[in-house]
There are 2 protein chains.
Amino acid sequence: MAESTAATDDPRPDLAAMIVPLGRTLMAAELPVLRAHGLSMWAYVVLLALGEEPVRGQSGLAQAIGADKTRIIGVLDDLQERGLIERRPDPRDRRAHLLTLTPEGRRVRESAQAGIRHREDRLLSQLPLEDRAAFLRVLRALSALPEEEIIGPERHGSSEAPDRT
Amino acid sequence: MAESTAATDDPRPDLAAMIVPLGRTLMAAELPVLRAHGLSMWAYVVLLALGEEPVRGQSGLAQAIGADKTRIIGVLDDLQERGLIERRPDPRDRRAHLLTLTPEGRRVRESAQAGIRHREDRLLSQLPLEDRAAFLRVLRALSALPEEEIIGPERHGSSEAPDRT
DNA sequence: TATTGTTATACTCTATAACTATA
DNA sequence: TATAGTTATAGAGTATAACAATA
C-alpha cells in the first residue's frame with residue numbers, strides 16, 4: 001500500500017510546504033521596496049484595498065484584508081497623518097468612518113506597486129511562457145475561491161487520536 | 001500613463017498578495033488532518049524533514065526547515081516522548097544528537113501526508129489538466145530557487161524616502 | 001440595546017541571551 | 001576556547017476584553 005491514490009502521478013511535496021515558504025520569500029523581496037516608500041506590509045495592503053472608490057467602515061476593511069479590526073487602527077492613523085488617506089465620519093452614520101485614498105496616497109501606492117511588479121516580472125520572466133501564463137491563471141483561480149472551498153468539509157469530525165496540539 | 005510597463009500584459013494582483021493568503025488557507029486546511037494525528041504544524045514539518053536517513057544535529061535540522069534551533073526543542077521532546085522519533089547522542093561527538101524516525105513515526109508521517117495529499121488532490125482536480133501540471137512545475141521550480149535569487153539585489157540601497165516602518 | 005471605533009490587556013509565536021556539557 | 005543543546009527571558013505580532021460615542 002504505497003502508491004495508493006491511483007491516478008495521481010508522482011510523490012510531489014505538499015502544496016502548502018511549497019507555497020508557504022515561497023510566500024514568505026516573496027514578502028521578504030517586497031520589503032525593501034515598501035520601506036523605500038515608508039510603507040509597512042499592512043499599510044501597503046490597506047492602500048491596495050482602498051481601490052478607486054471610498055470604503056465605508058474600518059471593520060469591513062479589516063475583514064476584507066484578513067486583519068483584525070484593532071490591528072489596522074495604528075496603520076490608518078499613520079497613513080492619515082502622512083496624508084495618504086482621508087478618514088472622516090460618514091455623515092449618514094457618524095459611528096462609521098469613510099476611508100478614501102488621497103491623490104498622494106494613490107501616487108505612493110502606484111509607485112510601490114510598480115516596483116514590486118517589476119521585481120516579480122523579473123522572476124516570472126525566467127519561466128517558460130506557457131507555464132507562466134498557466135501559473136498565473138491557476139493562482140488567480142485559487143485566490144478567488146472562497147476559503148471554505150479549500151478548507152472543505154470536516155471529513156470525520158474528530159474520530160482519530162486527538163492527542164496533542 | 002496608465003499602461004506603462006509595455007510588454008507585461010494585464011494588471012494582475014501582486015504575486016505575494018495571492019500566494020500568502022493562499023498559503024494560509026492551505027495550512028488551515030491541513031490543520032484538522034494534523035490534529036487528527038496529534039501533530040502540530042512544526043511536528044509535521046520535522047517528520048517530513050527526517051526523511052529516510054538519520055539527521056545529525058538539531059541546529060542543522062532547524063535551519064533546514066526554516067526554524068530557530070530553540071524553536072524545535074519542545075517539538076522534538078514531544079515527538080520523542082511519543083516514540084515517533086529517536087534522539088541519541090552521536091557517539092563520535094556526544095554534543096550533537098542523532099535524530100531518526102521510528103517505524104511508528106514513519107507510519108504517522110505517511111498517514112498524515114496521505115490525508116493532506118488527498119485534500120490537495122481534490123482541490124487540484126478542479127483545474128484543467130495542463131494548467132495543473134504547469135502550476136506544479138512552476139511551484140517546484142520556484143521553491144527550489146535559493147532565496148537570494150528571489151529577493152535579489154538591493155537595487156538602490158536606501159535612496160528613497162525611508163520614513164516610517 | 002446594538003454597533004463603530006478605540007484603548008488596554010493578555011496571549012502566542014519567535015528570537016536573543018545566559019547556562020551546561022562535551023570537545 | 002569553541003560548539004551543540006538547553007533554559008530563561010524578552011520582543012514582535014496578534015487577538016480578546018473593556019470602554020466611549022453614536023444610533
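Computed from a predicted structure; not experimentally measured. Just so it is clear: chains get the letters A, B, ... in the order the sequence lines come, proteins before strands, and each one is counted from 1.
The separation between A:R88 atom CZ and D:dA21 atom P is 22 Å, rounded to whole Å. Across the protein-nucleic acid pair, A:H97 atom NE2 and C:dG5 atom C1' stand 6 Å apart, rounded to whole Å. Distance, B:I73 CD1 to C:dT20 P: 16 Å, rounded to whole Å. The CG atom of B:D77 sits 13 Å away from the P atom of D:dG5 (whole-angstrom rounding). In this structure, CD1 of B:I65 is placed 11 Å from P of C:dT14, rounded to the nearest angstrom. Nucleotide D:dA15 holds its P atom 12 Å from the CD atom of A:Q63, rounded to whole Å. The distance from atom CD1 of B:I72 to atom P of D:dT7 is 13 Å, rounded to the nearest whole Å.
Contact annotation for A:R56: no contact, since no heavy-atom pair falls under 4.0 Å across all strands.
Looking at heavy atoms from C-beta onward, B:I65 lies out of side-chain contact with B:L48 at the 4.5 angstrom threshold.
In this structure, the side chain of B:R82 does not engage the main chain of B:D77 through any donor-acceptor pair within 3.5 Å. Looking at A:R140, its side chain never comes within 3.5 Å of a backbone N or O of A:F135 through a donor-acceptor pair. Here the side chain of A:R132 pairs a donor or acceptor atom with the backbone of A:L124 at under 3.5 angstrom. Judged by distance alone, the side chain of A:T102 and the main-chain N or O of A:L84 form a donor-acceptor pair under 3.5 Å. With A:S111 contributing its side chain and A:V108 its backbone, the two residues share no donor-acceptor pair below 3.5 Å.
Remark: A:R137 engages B:D131 in a salt bridge (charged side-chain N to carboxylate O under 4.0 Å, His left out) (not counting sequence neighbours).
One axis for each end of the helix from C:dT1-D:dA23 to C:dA23-D:dT1, each built from five base pairs, and the angle between them comes to 20° at 10° resolution.
Screening residues 49-58 of chain A for side chain to side chain donor-acceptor pair (under 3.5 Å) gives A:E52-A:R106, A:R56-A:D90, A:Q58-A:R87, A:Q58-A:H97 as the qualifying pairs, with residues at least two apart or on separate chains.
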With a cut-off of 3.5 Å and sequence neighbours excluded, list every side-chain donor-acceptor pair involving residues 14-34 of chain B.
{"from": "B:D14", "atom 1": "OD1", "to": "A:Q113", "atom 2": "NE2", "distance (Å)": "3.3"}
{"from": "B:D14", "atom 1": "OD1", "to": "A:R117", "atom 2": "NH2", "distance (Å)": "3.3"}
{"from": "B:D14", "atom 1": "OD2", "to": "A:Y44", "atom 2": "OH", "distance (Å)": "2.5"}
{"from": "B:T25", "atom 1": "OG1", "to": "B:P21", "atom 2": "O", "distance (Å)": "3.0"}

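When each of A:W42 and B:A96 is assigned the nucleotide of DNA chain D with its nearest heavy atom, B:A96 is the one assigned upstream, toward the 5' end.
Salt bridge status for A:D121 with B:R12: present, with a side-chain N to carboxylate O gap under 4.0 Å.
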Detail all sub-3.5 Å separations between protein N/O atoms and N/O atoms belonging to nucleotides 15-17 of chain C.
{"from": "C:dT16", "atom 1": "O4", "to": "B:T70", "atom 2": "OG1", "distance (Å)": "3.4"}

Check the interface with nucleotides 21-23 of chain C: list each N/O to N/O pair with the protein under 3.5 Å, or write none.
{"from": "C:dA23", "atom 1": "OP1", "to": "B:R94", "atom 2": "N", "distance (Å)": "3.0"}

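Follow the hydrophobic side-chain contacts under 4.5 Å out from A:W42 and you never reach A:I73; the two are in separate clusters.
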